[in-house]
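Some notes on the structure that comes next.
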Amino acid sequence: MAGNRQIRALNVAEKPSVAKAVSGILSRNQARVREGRSRYNKIFEFDYTIRGQPIHMLFTSVTGHLMELEFDDRYRKWHSCDPSELYQAPVRKTVPQDKLDIKRTLQQEARSCQWLILWLDCDREGENIAYEVIEVCTEANRNMNTWRARFSALIDRDIHEAVQNLDRPNQSFSEAVDARQEIDLRIGASFTRFQTMLLKDAFHFDFATEDRNLILSYGPCQFPTLGFIVERYWEIQAHEPEEFWTINCSHNSEEGTANFSWMRGHMFDYTCAVTIYEMCVEEPTATVTMVRQQEKLKYPPYPLSTIELEKRASRYFRLSSEHTMKVAEELYQSGFISYPRTETDSFSARTDLRAIAQEQQAHPVWGPYAQRLMDPEADLWRNPGNGGHDDKAHPPIHPTKFSAGESGWSQDHHKVYELVVRHFLACVSQPAVSAETTVEIDIAGELFSACGRVILAKNYLDVYRFDTWGGSFIPTYMLGQQFAPTTLTLDSGVTRPPPLLSEADLLSCMDKAGIGTDATMHDHIKKLLDRFYATKDANTRFSPTNLGESLVMGYDDMGYELWKPYLRSKMEDDMKAVSLGTKRKADILASCLQEMKACFLDARLNKVKLFEAMGIFFDRTNRTGAEEQQTIGGVVRRCGLCQQADMVLRRRQDGKFMVGCLGYPQCRKVVWLPGSISEAAVTSNTCNVCSPGPVFLIQFKFRRLEIPPNYSVDHLGCIGGCDDTLRQLTEICGTGPRNPPGTSASVRGQAPTTTSGRQAPTTTSGRQAPTTTSGRNPASNVQRGVCSHCRQTGHSSNGCPSQVSTSGRARSRATNHTNGGSSVPCNSCGEPCELRTANTANNRGRQFYSCQSQECRFFVWEDTINDGGVGQNASHTNARGSNATSGRRGGRGRGRRGGGGGGRGNDTTFVSATGEPVSGRRCFSCGDPSHFANACPNRGM
DNA sequence: GCAAGGTC
């Protein structure tokens with residue numbers, strides 16, 4: 001028991017492993033351990049002397065953040081408020097249920113301590129967690145003296161130095177995180193609620209969701225991640241193959257064959273390539289102009305960070321980043337590898353690297369390599385490179401305990417452990433060495449080169465089996481030597497689109513753009529799969545789903561870059577400024593939220609873009625969410641029926657004004673307003689009669705000609721029941737707008753509860769008629785009279801021709817399959833055309849027929865067929881809105897050659913697609929074997 | 001039912 005005067009200090013680390021490690025170092029493994037209330041977070045006790053003062057140390061931990069940011073209860077339910085209110089709704093930080101045990105331990109121990117020493121990780125999040133711990137501890141003991149221990153690695157000297165030089169917590173760092181949390185929460189929740197409520201019931205989604213609760217989430221990290229996938233997918237779709245040309249030369253000698261490649265690379269201009277080729281063929285003697293011999297090194301990788309671990313495990317073993325992290329976490333928990341969430345890719349000079357390598361000498365497979373590494377005579381050891389990243393909290397991932405495999409390990413545990421060990425051994429090894437020979441030759445003024453490589457020492461490649469470095473042979477050449485090429489060919493190739501993004505590519509994109517952290521990137525990727533936004537194929541390559549693509553397309557069509565990484569990057573810059581103290585938290589919060597709220601409101605105004613984009617892929621249902629009604633003002637009052645949500649002023653698409661519950665469709669409370677209103681806006685004035693309050697007054701403007709002369713056009717009214725004027729006008733005018741001439745009342749039908757005009761604004765039951773149930777519902781009149789899809793009369797939306805093709809449209813976009821039923825024959829070859837969907841800025845989603853044969857350049861927009869558009873459009877416009885005669889559909893090379901000014905002879909005369917030697921000497925231009933194109937009499941015609 | 005960030 002500590003003496004009366006001895007100070008008791010409560011030490012708190014970010015995770016149990018750090019509490020254990022630091023206690024071990026400070027107590028020289030003499031600490032006593034006891035249980036706390038949380039089974040993971042033990043308490044270590046020992047005595048220690050800080051600057052000559054004996055201290056009794058209690059050392060425990062949290063598990064990451066202790067608190068969560070959330071909206072006040074009033075705003076927690078999805079229908080409780082207009083999502084735009086989430087930009088101002090009050091938020092609070094609370095300790096969630098599963099962290100209450102840790103909170104109780106901290107408070108209990110804090111009561112007996114005078115000092116609080118914070119050992120959280122030395123990054124912004126760590127600083128923020130420090131303040132969470134301070135808040136909880138000072139709640140129990142107001143008089144604690146609070147200190148911050150700053151350490152950069154869990155090694156003796158750092159830890160002792162940290163505790164002897166205690167500092168104070170840095171509020172700016174913590175505030176940067178507070179701002180980040182608040183922005184993420186407000187943006188994420190508002191857009192997620194908006195998107196989900198707008199779209200989830202409005203379309204038939206073609207993917208199976210056992211879980212009825214489809215959530216179309218938006219997040220400042222998940223959307224840019226999706227954006228990378230969609231962008232690459234679009235790049236591939238937009239790719240037009242382009243033919244190019246290259247000249248290759250080979251030479252067989254007694255020693256073997258050398259293959260020389262053209263130093264110009266390739267040319268897209270066939271005529272130009274052929275002219276050069278003809279010059280070479282005319283004077284084919286090759287002269288060696290350079291022979292260079294060089295020693296080349298291939299360096300081992302930098303020490304292993306989390307992102308590199310994820311990327312490499314994906315590349316080498318095709319493990320998902322999420323699974324890799326799960327396995328790595330288990331290896332870490334059981335002590336085989338170091339902490340797996342680290343940005344650091346350089347070892348501290350004080351790490352005993354040799355001891356780590358030494359442990360691996362017993363391994364049956366890579367043990368001999370480790371032994372060689374330890375042997376000074378082998379000269380294999382090398383201090384590892386520095387990748388330039390240091391999170392100041394954790395070392396690079398490395399093995400911490402030898403294992404030749406444990407009985408409980410899965411294949412993947414073996415793989416990840418092997419990767420960590422081999423990577424570490426590679427890092428501390430010499431680079432591989434090769435001798436490379438480069439030979440350059442000149443044929444008729446054109447330069448060609450060939451390269452050979454002999455591996456002199458594999459070094460790290462011996463242990464890092466994942467890296468390869470191929471050798472290649474080249475015969476000996478002397479400077480000035482001349483020879484006749486064995487083959488000299490003009491070969492064609494075609495440009496290819498880039499591949500879909502692999503998981504490693506995606507991680508690189510995120511890393512570069514600062515999306516997520518080492519500990520969360522894999523979560524964002526997994527979330528895209530969970531939300532049906534993207535899929536991953538067997539080669540770990542990602543494609544967007546129709547849902548993911550249409551969401552991005554919708555925002556893109558609005559002109560918003562919500563799906564690009566810039567928003568996150570800007571936020572990250574702001575966070576940095578706050579942590580450095582150059583900007584204030586309140587300022588960046590205000591500006592960012594203001595900007596995002598404006599963006600949100602604008603996106604909501606432009607929601608038709610989202611509908612249009614979704615409509616390309618999915619069939620509409622006839623259900624509408626409350627979001628489809630225009631919210632034109634703020635909250636009028638709390639709903640008296642469900643008592644859970646607000647009533648807001650709305651204007652329906654048919655022009656009717658109403659005050660409806662945000663809980664719709666669960667709560668159908670509605671107050672219909674007079675049909676003679678031209679404008680209405682909620683004011684900040686409240687009614688002092690109606691209760692329960694507050695009931696905000698609405699400023700109305702009525703159409704003069706639709707109200708009796710004794711009523712004023714302007715009226716500040718209350719919907720709470722006290723307003724006689726409003727009630728009278730409702731009775732006089734009814735609640736629907738007047739129909740324009742020519743539109744029958746049955747088409748613009750009013751709800752049964754309102755046509756009589758008997759419903760007073762004070763009606764409390766105020767049930768809105770369901771829009772889908774029975775023939776009594778006038779909404780069905782609308783369906784019968786006018787197609788809700790194409791707005792034409794004469795058929796319902798179910799029988800709408802354009803509607804019928806929607807599902808075909810959706811599929812054809814993804815698969816470009818032929819729409820069998822209604823195909824159009826090619827006007828050139830007569831074969832049925834393929835129905836495809838355009839993906840250009842001007843015509844995205846528009847369908848067109850094109851001939852499957854690349855020879856026929858037949859093309860027609862699907863929506864112009866009935867207008868006789870086949871003949872008109874086919875000849876001059878293709879799906880990308882460009883001129884078809886430029887040959888874009890047929891490939892640029894083909895078009896150039898077909899329509900080129902110089903004419904052409906036999907394409908194959910000088911071309912050897914199979915790589916065979918050139919067949920003969922013949923003019924490219926006229927085909928005459930007596931001369932070459934550059935001397936052709938027809939030249940220039 | 002929503003975000004992203006910690007970590008078990």
Side-chain angles (χ1 to χ4, degrees), chain A residues 13-20 36 38-42 61-71 75-81 83 86-87 89 91 93 95-96 98-99 101-102 120-121 123-133 174 176-198 200 209 211-225 306 325-326 328-330 332-334 339-342 391 393-394 510 514-527 530-531 562 567-568 571-572 575 596 600 666:
Chain A
E14 189 161 321
K15 42 194 158 275
S17 61
V18 172
K20 186 179 177 186
S38 149
R39 55 191 274 242
Y40 300 110
N41 306 84
K42 317 270 183 218
S61 54
V62 286
T63 44
H65 276 286
L66 187 56
M67 296 179 162
E68 269 177 13
L69 191 68
E70 57 180 16
F71 291 110
Y75 297 88
R76 297 279 283 284
K77 287 226 165 81
W78 276 41
H79 292 285
S80 67
C81 67
L86 297 177
Y87 286 90
V91 288
K93 263 188 154 187
V95 178
D98 61 339
K99 299 282 176 78
D101 279 345
I102 299 176
L120 288 308
D121 291 357
D123 53 22
R124 289 207 300 256
E125 297 294 333
E127 215 61 29
N128 190 263
I129 300 171
Y131 277 87
E132 294 173 357
V133 172
S174 174
V177 173
D178 283 338
R180 197 263 311 146
Q181 288 175 338
E182 196 174 325
I183 292 168
D184 284 347
L185 176 66
R186 293 185 190 280
I187 296 176
S190 58
F191 272 93
T192 300
R193 289 185 192 182
F194 160 67
Q195 284 184 173
T196 306
M197 294 194 285
L198 178 69
K200 121 178 144 146
T209 43
D211 178 9
R212 288 257 166 157
N213 274 337
L214 176 68
I215 294 170
L216 306 182
S217 63
Y218 175 87
C221 286
Q222 47 178 285
F223 250 56
T225 307
T306 302
M325 288 312 288
K326 186 169 173 284
E329 178 68 25
E330 284 163 11
Y332 161 67
Q333 294 292 341
S334 45
Y339 190 69
R341 287 179 285 275
T342 175
D391 64 16
H394 308 287
M510 296 170 76
I515 303 298
T517 68
D518 52 334
T520 61
M521 281 181 185
H522 64 274
D523 283 336
H524 301 312
I525 295 175
K526 183 167 182 292
K527 188 155 275 174
D530 291 345
R531 295 274 192 243
L562 289 169
L567 173 67
R568 193 70 187 174
M571 268 173 64
E572 186 59 31
M575 299 307 109
M596 282 311 295
F600 175 84
Q666 282 78 26

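We name chains A, B, ... by the order of the sequence lines, and we start the count at 1 in each one.
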If the cut-off is 4.0 Å, is [X] near the phosphate of [N], judged by side-chain N/O to OP1 or OP2?
{"X": "A:Lys99", "N": "B:dC8", "value": "no"}
{"X": "A:His524", "N": "B:dG5", "value": "yes"}
{"X": "A:Thr520", "N": "B:dA4", "value": "no"}
{"X": "A:Thr517", "N": "B:dG6", "value": "yes"}
{"X": "A:Ser217", "N": "B:dG1", "value": "no"}
{"X": "A:Arg341", "N": "B:dC8", "value": "yes"}
{"X": "A:Tyr339", "N": "B:dT7", "value": "yes"}

Check the angle between the aromatic planes of A:Tyr87 and A:Phe600 and answer parallel, tilted or perpendicular using the 30° and 60° thresholds. tilted
Give a yes or no on whether the backbone of A:Ile187 and the side-chain of A:Ser190 come within a donor-acceptor separation of less than 3.5 Å. yes
Any side-chain to backbone donor/acceptor pair from A:Thr520 onto A:Gly516? Under 3.5 Å, distance only. no
With the side chain defined as heavy atoms from C-beta on, A:Tyr40 is closest, among B:dG1, B:dC8, B:dG5, to B:dC8
Counting the atoms with a prime plus P, OP1 and OP2 as sugar-phosphate, which does [X] contact under 4.0 Å by heavy atoms, base, sugar-phosphate, or nothing?
{"X": "A:Arg568", "answer": "sugar-phosphate"}
{"X": "A:Lys527", "answer": "sugar-phosphate"}
{"X": "A:Gln181", "answer": "base"}
{"X": "A:Arg186", "answer": "nothing"}
{"X": "A:Asn41", "answer": "nothing"}

Does a side-chain N-to-carboxylate-O contact under 4.0 Å join A:Glu330 and A:Lys326? yes
Under 3.5 Å, is there any donor-acceptor pair linking the side chain of A:Thr63 to the base of B:dC8? yes
Stacking between A:Tyr218 and B:dA3, defined as ring centres under 5.5 angstrom apart with planes under 30°, is that present or not? no
Those residues at least two apart in sequence (or on a different chain) that pass salt bridge (Lys or Arg N to Asp or Glu O under 4.0 Å) with A:Glu132 are A:Lys93
Both A:Ala519 and A:Ser190 contact DNA chain B. Taking the nearest nucleotide for each, which residue is further toward the 5' end? A:Ser190
